[in-house]
Peer 1: 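Right, I'll just put the structure down here and ask away after.
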Amino acid sequence: MDLNYTDEQKAFRDDVRAFLEAKLPKRLSDKVAGGKRLTKADYEEWHAILNEKGWLGVTWPKEHGGTGWDAVERHIFEEETTAAHAPRIVPFGLNMLGPVLMKFGSDAQKAHYLPRILNGDDWWCQGYSEPGAGSDLASVKTTAVRDGDHYIVNGQKTWTTLGQHANMIFCLVRTSKEGKRQEGISFLLIDMDIPGVEVRPIVLLDGEAEVNEVWFNDVKVPVENLVGEENKGWTYAKYLLTHERTNIAGVGFANAGLAALKRIAGLENDGDRKLIDNPFFAAKIAQVEIDLMAMATTNLRTIAAAAAGQAPGAESSMLKVKGTLIRQEINALTRQAAGPYAMPFVSEALDEGSNEGPVGPDYAMPATQAYFNNRKLSIYGGSNEVQRQIVSKMILEL
Amino acid sequence: MDLNYTDEQKAFRDDVRAFLEAKLPKRLSDKVAGGKRLTKADYEEWHAILNEKGWLGVTWPKEHGGTGWDAVERHIFEEETTAAHAPRIVPFGLNMLGPVLMKFGSDAQKAHYLPRILNGDDWWCQGYSEPGAGSDLASVKTTAVRDGDHYIVNGQKTWTTLGQHANMIFCLVRTSKEGKRQEGISFLLIDMDIPGVEVRPIVLLDGEAEVNEVWFNDVKVPVENLVGEENKGWTYAKYLLTHERTNIAGVGFANAGLAALKRIAGLENDGDRKLIDNPFFAAKIAQVEIDLMAMATTNLRTIAAAAAGQAPGAESSMLKVKGTLIRQEINALTRQAAGPYAMPFVSEALDEGSNEGPVGPDYAMPATQAYFNNRKLSIYGGSNEVQRQIVSKMILEL
Amino acid sequence: MNFTLTEERQMLQDGLRRYLRDTVTPDLLEDATESASGHSETLWQGLAEMGVIGALFSEEDGGFGGAGFDIALTFEEMGRAGAFEPLLETGILAGGLIAALGSDEQKARIEAIIGGDILTYAHAEPGSRYDLSRVTTRAAKSGEGWTLTGLKSVVPHAPAATHAVVSARTSGAVADRDGLSLFLVPLDVTGLSARDYTVNGGGRAAELSLVDVDLPADALIGPEGGAFDAIETAHARATCAVCAEALGLMESIRALTTEYLQTRKQFGQPIGKFQALQHRMADVLIEIEQARSAVINLAGHLEADRTIRERHVSAAKNLIGRVGKLVVEESIQMHGGIGMTREYALAHLAKRLMMIDHRFGDADYHLERFIRLAAA
Amino acid sequence: MNFTLTEERQMLQDGLRRYLRDTVTPDLLEDATESASGHSETLWQGLAEMGVIGALFSEEDGGFGGAGFDIALTFEEMGRAGAFEPLLETGILAGGLIAALGSDEQKARIEAIIGGDILTYAHAEPGSRYDLSRVTTRAAKSGEGWTLTGLKSVVPHAPAATHAVVSARTSGAVADRDGLSLFLVPLDVTGLSARDYTVNGGGRAAELSLVDVDLPADALIGPEGGAFDAIETAHARATCAVCAEALGLMESIRALTTEYLQTRKQFGQPIGKFQALQHRMADVLIEIEQARSAVINLAGHLEADRTIRERHVSAAKNLIGRVGKLVVEESIQMHGGIGMTREYALAHLAKRLMMIDHRFGDADYHLERFIRLAAA
């Protein structure tokens, strides 16, 4: 038992810190720390900086231009970039599609798509969820009917995060209605510039439009865009989901959120004292901090097991549930800390260089936004109810 | 809308107070307040005092020697007797069997049994639960087979509260295996002195033995002890259960418990202050007090509806769930307040006149006892899970 | 003991519920927020014509209500509809303070208020958080009149109002109870500037800046330096109103969520058949009943002695804050993704409900206050 | 970073788990509590022979362990078995304090302790609650030696011990950190009387009364008036031990409850098929994993600087207290009536787990302390 990083890991951490110090633009980290909107160009700028260093393919092996890092190194990188308020790496091409192509894609697909993901030629989005399906991913209704050298795709995807920026989408489509629901699903890559693809934004309750509906109306997709075999897409989809669950605990985000919460509580007046000296509020902060200290170790235990070659199982479901509860509690306390200034909503103030400044302290509106926006954490990627069901079945054997 | 009692109700309350002042023996109220064991004689003494005043048949109509009180009067009586630390009225004959006999019993049964309940000739206990049945009451396995003028009863009942003091038991027995499970059940009155009846105590986790197993081995019960019709017992059983739910919210107990908790927290040292001045502990007390203030009104709303003639429905399930949660929270805080002295267990100290005094403050051991004992509140009388199911089905229509 | 409404109140409740159900649509609410005034002229006039504003004033003051249960039933219906109009600011706060402390001349204004004049109330300041006595805006005597200087924060419905009742310190230190005075300030007066903006949960509010605002002598409402008790009473009544509004919001959210659970299918059955959700929804319902009782307790004690009244104020606001958060979070969670979208009715109701915890003191503020009141 | 046990520790864990599983029965535990000594001579000798007591001492002190993870694994296994023996009092508290502060002569006793001599530790007093520095028992110099007078409360395993390490004030005011001294007191010394009794969760403890107890000069352990730091360190190690014990208890309770859910049928199916219970049990499991991490954090920082160490002490004890209560209450509730009966294995485990919150500071005490440590 040793809770400390090895000397090699510490050296690696120092490298990451030095890189962030030198290369992360202050303009970007200020936007992230201040809860401002990131533009497509912001993400692309940061991706390019990472790619130049060879650190964009965090989960990729070296042969494909990735880092080749193990789970602990990935964790350290995640921890440091989050603490430094770097933009997140947009995961759809890098963490989701990339691993699927490496394992199941054709040589031509690998050669064509993987470099384009790294160099920013393609912006991928995810076409998994459909209206009315929720966490029941296998109920795919979007159809792809073979017609000569093409598939004709019809249907609708939803909750497509950052789809407004994307030029490519990977989709689960139904190619057969025979057998079990899982058996007729295929995994298709679709160019969003093909006629018949339409993207419509969904405004969420925080007023932002980061997710979209994507409609397919007789969209002609070349057969070479099929990944792996027809009707085997469910296998690839599940493989992708296990990769999606990297950093599922969100410890880095929680740490950053907790630090911001303490800073805000130290600034807010509460009668004759600061809010952080209010024993009730201090107790709530302490409680979530104690939970997070334990959670960080629960996470490290899973990461150490992964680094030792154990496949992450239902443990990731436990990390998801507790991790999202902790982050949402931090969001709720931060909103609470904002006091009456949680109420004003000035959308323009979230844009860089806007003439409209915030109303009240600059942390207040983003606190409310983050609270409402992060209700999604316990819903998407398999709702916490689905995760509890997995824990109950796989670990408790109920 | 008026939250206050009417003048008549206030006058009635004054009568109850005057009666308690004059007639409730201090020896008994001291035992109740101090969490000491009550003996059979203690209960009988208090029943006799109430019966002399005509106040023992609290839920009974005047024609049967009861009080004829409405729901509000019953509530006031409950409130005042609890606040005065009177022993509870043993409910099995008075609140459970009595109403069933009045509604479904033969004239002979009414004439024989009802007076004996009031004057203390019979001590009844309840033979509903069976091993392995839990909240699934209809899974009755104890059989009663007709043999001439008798039923021959075989089987086992469990969780029979205060059965060790009883000479009579009312039982659900299976008289037929035809049709639905509910259809073959009968309601039988059994003299526990008949050969073949055996009572064995069950020691609970607080070390006390207030519940029992009751075994029937070829017990010959005269057919005139059948209540109502054969195989219709489920109807009577359900009728009884609605009566059992009188005072299901336990507001009186909660109020008394909260007062004791505050007193204890005001006595316990906590560093340089008293525990009640510890902001964390004070917050927990305040939280449960606020919940209780609302709960008391939720309860009164149901009582007012009952007094206006509305039958209590699934509302009583809501009262049960929230009422038990509040009482259990008060129990938990009281245990917590006892500090290190929650640990000693000196069983003899619970007996009146024992030479063994308590270890540490006299409230400490009863606090731990009550905490463990009252885990039962959310289990018996239909577990809180069953109550949530009723709320979901009957009110939410899910 | 009686938990039924009087016939008059029952009629008001029925009429108001019907009117709001027929009138309030998502479009009306969105247009209201988008409009410069931040509210719906149609709805406001409709409420005035129904006499809803009058229900918030006593007969003595020209209304026909004004008691706790009048406030509770009115705002419960507003909450049920998800409506936001300057009812609280006009009828309870500004109007209520004029009724409580105003001279006969000032009280003459109440008739117009009942008829639909819109007022607002500017008390909180940047940095005062929920502290009632923390006022740094100063009013100094100048000649016959007064000169006010200071900042007022998050003043709801300021863009729609013609006047504001503004608190200012005429003496005392920053958090003293003594030394607070109230003034009736026209919002177009020289020296007053407003930055207005939309608020989460609907409608608009403003930051007010007062720089050497000159007011006549008769702008002072009530005794110089002695307004605190009336302010506290007005906040008690306002707390009752927002607690009742929260209850109405909870009821609508519960109805939406229950219906969703009954109709939405997943894994081959309505999700309302999943027992884990059934039990959680049962707990939500139980807590909403607790919220209802807390509103009744507060409404029924609004005219009681200060200690008892304020104890119920803090008990109710604490409980409503806790239950509101539970209802918001559980309803969004049970809806899944659709509960996150602004288009769906839940979003507006949930945001409005959550924001009530940010008005007149949040759950923690009132928990601590409840303890302090008990110790006093 | 490494979360696997060393080979030696793995062997100790395996051996101890096997031994306790084969040895500890409900009858053994009940007989132990009923016996005059309040523990099981068989079990204690077995533990001594296995070297379990030695695992709590460093090699320097004659043992072969003594680090945080040695303590954690040992007590986790004790908890898993529901065993109670004077291991904490002998090995961590009394023995640990002798090892930390004792003279060479006093430390010579450790060999016998590792061999099975039983000691206890008397620090808390009536009214001191969890306050470490609140000691009113006085030790006065008399001739060459010392005279002790005072009361010590809830001294676990006193009936089985030959000696107690007793804290007493040699100077300073009632709650001062300075002025505390430790003494080795034979329990049969003149002037010392004990009232002993059973404790919830198993075993026996005693109230000690010391009236003019005369001790020789060499009864003093460590510096006169300077024992506080060592006491705090010993309590940190003891907290680690009871947290690990709690974790073991949780694991056994979880196994019992899961098995019950799998086998107990109601309404025609195993109750573990009811989704509401499945989800609650999943939450229980998630929290137990949190408890495991808290124990690892504390064990891994037990040799760290005081501030870091004590921060983890309070974090772990707070989390263990909260999770322990959840596990106790959910497991009893899911068992229903059977979970309430003393005969069933759950009763003993649940009571023992709940009582851990009453040792060395409860969850609230440590929450406040965690905040104070962060501010310092």
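Here is how names work: the chains are called A, B, and so on, in the same order as the sequence lines, proteins then strands, and each is numbered from 1. The structure displayed is predicted, hence computed values, not measured ones.
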Peer 1: Go through the atoms of A/Leu267 and report whether side chain, backbone, both or neither lie under 4.5 Å from a heavy atom of chain C.
Peer 2: neither

Peer 1: Between C/Val154, C/Ile338, C/Asp364, who has the most heavy-atom pairs with chain A when the cutoff is under 4.5 Å?
Peer 2: C/Asp364

Peer 1: Verify whether one side chain among C/Asp357 and A/Gln336 offers a donor that lies under 3.5 Å from an acceptor in the other.
Peer 2: no

Peer 1: Between A/Arg37 and A/Glu208, does any side-chain N to carboxylate O distance fall below 4.0 Å?
Peer 2: yes

Peer 1: For A/Arg388, is it the side chain, the backbone, both, or neither that has a heavy atom closer than 4.5 Å to a heavy atom of chain C?
Peer 2: side chain

Peer 1: If you count the non-hydrogen atoms of other residues, nucleotides and ligands that lie under 6.0 Å from CD in C/Gln269, is the total more than 12?
Peer 2: yes

Peer 1: Is a donor from one side chain sitting under 3.5 angstrom from an acceptor on the other, for A/Thr142 and A/Gln156?
Peer 2: no

Peer 1: Chain A contacts: which residues in residues 319-332 of chain C have a non-hydrogen atom closer than 4.5 Å to it?
Peer 2: C/Lys325, C/Val328, C/Glu329, C/Ile332

Peer 1: Under 3.5 Å, is there a donor-acceptor pair between the side chain of C/Thr33 and the main chain of C/Gly203?
Peer 2: yes

Peer 1: Do we see a donor-acceptor contact under 3.5 Å between the side chains of A/Lys320 and A/Ser378?
Peer 2: no

Peer 1: Can the ring centres of C/Phe360 and C/His366 be said to be less than 6.0 Å apart?
Peer 2: no

Peer 1: Using only heavy-atom distances, determine whether the side chains of A/Thr158 and A/Glu130 contain a donor-acceptor pair under 3.5 Å.
Peer 2: no

Peer 1: Where the side chain of A/Asn278 meets the backbone of A/Phe281, is there a donor-acceptor pair that is under 3.5 Å apart?
Peer 2: yes

Peer 1: Pick one of side chain, backbone, both or neither for C/Tyr130, based on which atoms fall under 4.5 Å of a heavy atom in chain A.
Peer 2: side chain

Peer 1: Mind checking which of residues 323-330 of chain A sit less than 4.5 Å from chain C, heavy atom to heavy atom?
Peer 2: A/Glu329

Peer 1: Check the side chains of C/Glu207 and A/Tyr341 for a donor-acceptor pair under 3.5 angstrom, ignoring hydrogens and angles.
Peer 2: yes

Peer 1: Based on non-hydrogen pairs under 4.5 Å, which of C/Val174, C/Asp131, C/Thr341 is most in contact with chain A?
Peer 2: C/Thr341

Peer 1: Looking at A/Arg335, A/Glu385, A/Gln389, A/Glu356, which makes the most heavy-atom pairs under 4.5 Å with chain C?
Peer 2: A/Arg335

Peer 1: Please state whether the side chain, the backbone, both or neither of C/Arg204 comes within less than 4.5 Å of a heavy atom of chain A.
Peer 2: neither

Peer 1: Is A/Asn373 close to chain C through its backbone or its side chain, or both, or neither, when contacts mean heavy atoms under 4.5 Å?
Peer 2: backbone

Peer 1: Under 4.5 Å heavy-atom distance to chain C, tell me which part of A/Thr368 shows up: side chain, backbone, both or neither.
Peer 2: side chain

Peer 1: Top residue by heavy-atom pair count (under 4.5 Å) with chain A, among C/His335, C/His348, C/Gln333?
Peer 2: C/Gln333

Peer 1: Would one find more than 12 heavy atoms of other residues, nucleotides or ligands at under 6.0 Å from atom CG of C/Asp178?
Peer 2: no

Peer 1: Measure from the ring center of C/His279 to the ring center of C/Phe274 and say whether it is less than 6.0 Å.
Peer 2: no

Peer 1: Hey, is the main chain of A/Gly163 close enough, under 3.5 Å, to the side chain of A/Thr160 for a donor-acceptor pair?
Peer 2: no

Peer 1: For a quick check under 3.5 Å, do A/Tyr363 and A/Glu268 share a side-chain donor-acceptor pair by atom type?
Peer 2: yes

Peer 1: Do C/His157 and C/Thr120 have side-chain atoms, one donor and one acceptor, less than 3.5 Å apart?
Peer 2: no

Peer 1: In residues 198-207 of chain A, which residues are in contact with chain C at a heavy-atom separation under 4.5 Å?
Peer 2: A/Ile202, A/Val203, A/Leu204, A/Leu205, A/Asp206, A/Gly207

Peer 1: In terms of heavy-atom proximity below 4.5 Å to chain A, should C/Ile356 be classed as side chain, backbone, both, or neither?
Peer 2: neither

Peer 1: Would you say that more than 12 heavy atoms from the other residues, nucleotides or ligands in this model lie under 6.0 Å from the NZ of A/Lys274, or not?
Peer 2: yes

Peer 1: Using non-hydrogen atoms only, which part of A/Ala338 is less than 4.5 Å away from chain C: side chain, backbone, both, or neither?
Peer 2: backbone

Peer 1: In Å and rounded to the nearest 0.5 Å, what is the OG1 to CD distance from C/Thr239 to C/Glu232?
Peer 2: 10.0 Å

Peer 1: Quick one about C/Ser128 and C/Arg134 (side-chain donor to acceptor, distance below 3.5 Å, no hydrogens or angles considered), yes or no?
Peer 2: no

Peer 1: The criterion is side chain to side chain contact (heavy atoms under 4.5 Å, CB included); which residues satisfy it with A/Asp362, sequence neighbours excluded?
Peer 2: A/Pro358

Peer 1: Tell me, side chain or backbone of C/Arg352 under 4.5 Å from chain A's heavy atoms, or both, or neither?
Peer 2: neither

Peer 1: By a 4.5 Å heavy-atom criterion (distance strictly below it), what part of A/Tyr371 contacts chain C: side chain, backbone, both, or neither?
Peer 2: side chain

Peer 1: Please classify the contact between C/Leu346 and chain A as side chain, backbone, both or neither, with a heavy-atom cut-off of under 4.5 Å.
Peer 2: neither

Peer 1: Between A/Asp270 and A/Arg273, is there a side-chain N and carboxylate O pair less than 4.0 Å apart?
Peer 2: yes

